[in-house]
2 protein chains.
Amino acid sequence: MATIKEVAAHASVSVATVSRVVNNNGYVSEDLRLRVTEAMHLLDYKPSALARSLRRQESLTIGVLVPGLNQPFFAALATIIQTTLFAAGYRIIICSSEESSDDEAAYVDMLIRQRVDGAIIAPTGRSSEAITPLLSKMPVILIDRDLPDLRVNRILANNFQGGCYAMEHLLRLGHRHIALIGAQPHSASMDQRIQGAWKAIADAGVAENSLKTLISERSEFDVGYAFARDLLRRKRRPTAVFALTDVIAIGVLHAAAEVGLKLPDELSVVGFDDIPLSSYLIPSLTTVAQPIHRMGEAAAELLLSRIKNGHPEPFESLLLDMKLMLRASTVPHRRGA
Amino acid sequence: MATIKEVAAHASVSVATVSRVVNNNGYVSEDLRLRVTEAMHLLDYKPSALARSLRRQESLTIGVLVPGLNQPFFAALATIIQTTLFAAGYRIIICSSEESSDDEAAYVDMLIRQRVDGAIIAPTGRSSEAITPLLSKMPVILIDRDLPDLRVNRILANNFQGGCYAMEHLLRLGHRHIALIGAQPHSASMDQRIQGAWKAIADAGVAENSLKTLISERSEFDVGYAFARDLLRRKRRPTAVFALTDVIAIGVLHAAAEVGLKLPDELSVVGFDDIPLSSYLIPSLTTVAQPIHRMGEAAAELLLSRIKNGHPEPFESLLLDMKLMLRASTVPHRRGA
DNA sequence: CCTTCAAGGGAAAACGTTTTCAGGAATTTA
DNA sequence: TAAATTCCTGAAAACGTTTTCCCTTGAAGG
């Protein structure tokens, strides 16, 4: 691989001159500029980002740490962040911790050694332990999942509001026997969705036993199906389900079909996330959409501004609005259905 | 951020000694080793991967270039590759080109400047133009999507075989009026699935007009729904659909429900990919599973071996077997249904 | 007692850039 | 004409490591 020295030799100039034309700063005559660009093309010269980063003391790289690329939401988020940052001249290192705190800590360590200029993190657990080492070393943006007592900027979707929206919707349709099904009990977002649901119950003034919550440690894919199968077979089964995730909702749909319920007439289902598939399900899924695009962009932009301008204490949180997507899976409750 | 010099000063030794204890090579007395490790902890010293890479002339980083992280298949593939390589001491830079050749070329350029030690690539288009610059500079493994006339190692799933399996299955069930629906006409994998389907037709000795192929430029999400809606309304509608992708199959399911067809009795559907969701659809989707885990691992391992051992000409391809997943969406054809 | 060898450690070169500094030439200003 | 300014260029330091080379010391072997 050609180095700047070889280019300089080939063009009979100093390395300083080559550097000037590469970075297009400082004075250099047309004559030499031409000779240098020619030599660069001839030798297929590509400056080493390693050497440049070392000298400039900035890597133009930022770390993105998500709990699981297999979750469509995070895949989409990572893609948006990548697109935004790449356009700004930054590259990203995406790390998928697969919900493991140990892996998360290992990736954090790696990002530090890699001298990334900043990090955008959707943390795995409820504990901030794994990511604290980063905070003193670079700007960090927390995204999607909150952690208490951390002095960082946050980009969050209003999960409380979303939970509220979903439950309000079901209550307004007349449902009074509702099951809430969730997984991942260690996530603050899930907690807030549940809180929102209870808030809607309280605001509507309906009986507290209108809502039953079922939370499992199992994976998203299993839990909806497993819970719903039992639940829907009971004599007094719920008339509506609030699934804390679209993937869970899909499991519920599956179970309902197996049990022989006619959807949506005999069971209304509302999901959460608005993954691409949800509008293609049968029936198409009413769900709460996260402002995923704005989250990704906002995180990227906020991080860049922090890298350029330094600490903007106090650390402010950006709380973005959710949106209820009305589709076919929810209908008014009919007495006797 | 602490440097090796500061650690050396703090422990009253030379930087060479610190380096020796960090890398655990060369001779160093217990006395000094202790003083150094103490100083390292005290200063929270983390060696700069930048400086190390520059000096060692290897970055321990490899580039992974996929056409779209939003496609569950590639998200899963990237995750597997990352896990395998991270365990081997390598980090990866994941780039998602979003099926754009221009972005792909930009990422390729970036990977070269970043001095990655190798690359695993699932190319975007049919042309090898965008990625050729890499070939002369580092070991490259092509994965999932083939490109002709490239002197590289390949890890491919046998898409031809998969297409064959799917079509054989439908034919064996007695279907003789089958629609093949696809998107992404620029992908070699899709071509091969189609070829496989025709091979099954030929082998079974049934009439060539048993199969109609419909390929669109539109996105995966739209195409299944759009085509199927038209198709299923005709007087002589197909009794089975082979969807070139699970996501397309989901669109078909949706359209069938809308048109009022009873699934799977009035329409059999077979998909391709076996994305996590496919077993949770209603009816659960018969589909062709890619050996995705073996693909990712094989690619990672082969790349590492090429980095260590250099060119193993001739370039061999690894062609992995597909597997037909029998589920509920396909049933025997009944005359008069 | 002399030679060899192993253990231990420091000085300095090297990796490929960017950037500061210094200086020369050409041009403008006083 | 002298002084100041602008344009242009190269030498060399610096970024943070690793590694080579060399030197010392102590012990073992003859």
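First the proteins, then the strands, lettered A, B, ... as listed; each starts at 1.
- Nucleic acid contact class of A/V13 (heavy atoms, under 4.0 Å, all strands): sugar-phosphate only.
- For the pair A/M1 CE and C/dC15 P, the computed distance is 15 Å after rounding to whole Å.
- Judged as a salt bridge (Lys or Arg N to Asp or Glu O under 4.0 Å), and not counting sequence neighbours, B/D149 has no contacts.
- With contacts defined as side-chain heavy-atom distances shorter than 4.5 Å, the pair A/S96/B/Q82 qualifies.
- Atom CG in A/L50 sits roughly 10 Å away from atom C1' in C/dT17 (whole-Å rounding).
- With contacts defined as side-chain heavy-atom distances shorter than 4.5 Å, the pair B/L150/B/T132 qualifies.
- For C/dG10, the OP1/OP2 oxygens have a side-chain nitrogen or oxygen of B/S14 closer than 4.0 Å.
- When each of D/dA14, C/dC15, C/dG10 is scored by its nearest atom to the side-chain atoms of A/R55, the top-ranked nucleotide is D/dA14.
- When the P atom of D/dG16 is taken as reference, atom CD of A/E58 falls 14 Å away, rounded to whole Å.
- Nucleotide C/dT17 holds its P atom 13 Å from the CD atom of B/Q114, rounded to whole Å.
- Between D/dT17, C/dC15, D/dT9, one nucleotide has an atom nearer to the side chain of A/R20 than all others, and that is D/dT9.
- Contacts between residues 24-42 of chain B and DNA chain D, defined by a heavy-atom separation below 4.0 Å, involve no residue at all.
- A salt bridge links B/E30 and B/R33; the closest N-O separation between the charged side-chain nitrogens and carboxylate oxygens is under 4.0 Å.
- A side-chain donor-acceptor contact under 3.5 Å links B/E104 to the backbone of B/T124.
- When the P atom of D/dT17 is taken as reference, atom CG of B/L60 falls 15 Å away, rounded to whole Å.
- In this structure, A/T17 reaches the D/dG10 phosphate: one of its side-chain N or O atoms is under 4.0 Å from OP1 or OP2.
- Phosphate contact (OP1/OP2 of C/dT19, side-chain N/O of A/R56, threshold under 4.0 Å): present.
- Counting only heavy atoms from C-beta on, A/A16 has its side chain closest to C/dT19 among D/dG16, C/dT19, D/dT18.
- Taking only side-chain nitrogens and oxygens, B/Q57 never comes nearer than 4.0 Å to OP1 or OP2 of C/dA14.
- Salt-bridge annotation for B/E38 and B/R35: absent, with no side-chain N of the basic residue lying under 4.0 Å from a carboxylate O of the acidic one.
- Heavy-atom neighbours of A/E129 CD from other residues, nucleotides or ligands within 6.0 Å: at or below the threshold of 12.
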Can you pull every protein N or O that's under 3.5 Å from an N or O on nucleotides 22-29 of chain C?
none

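- The side chain of A/S19 places an N or O atom within less than 4.0 Å of a non-bridging phosphate oxygen (OP1 or OP2) of C/dT18.
- When atom types are taken as modelled, the side chain of B/S317 and the backbone of B/L319 share no donor-acceptor pair closer than 3.5 angstrom.
- Of the side-chain N and O atoms in B/R115, one or more sit less than 4.0 angstrom from OP1 or OP2 of C/dT17.
- Rounded to a whole Å, the CD1 atom of B/I4 is 14 Å from the C1' atom of C/dA11.
- Residues B/Y45 and B/I4 have side chains in contact (heavy-atom distance under 4.5 Å, counting atoms from C-beta outward).
- The pair A/E99-A/R145 meets the salt-bridge criterion, since a charged nitrogen lies less than 4.0 angstrom from a carboxylate oxygen.
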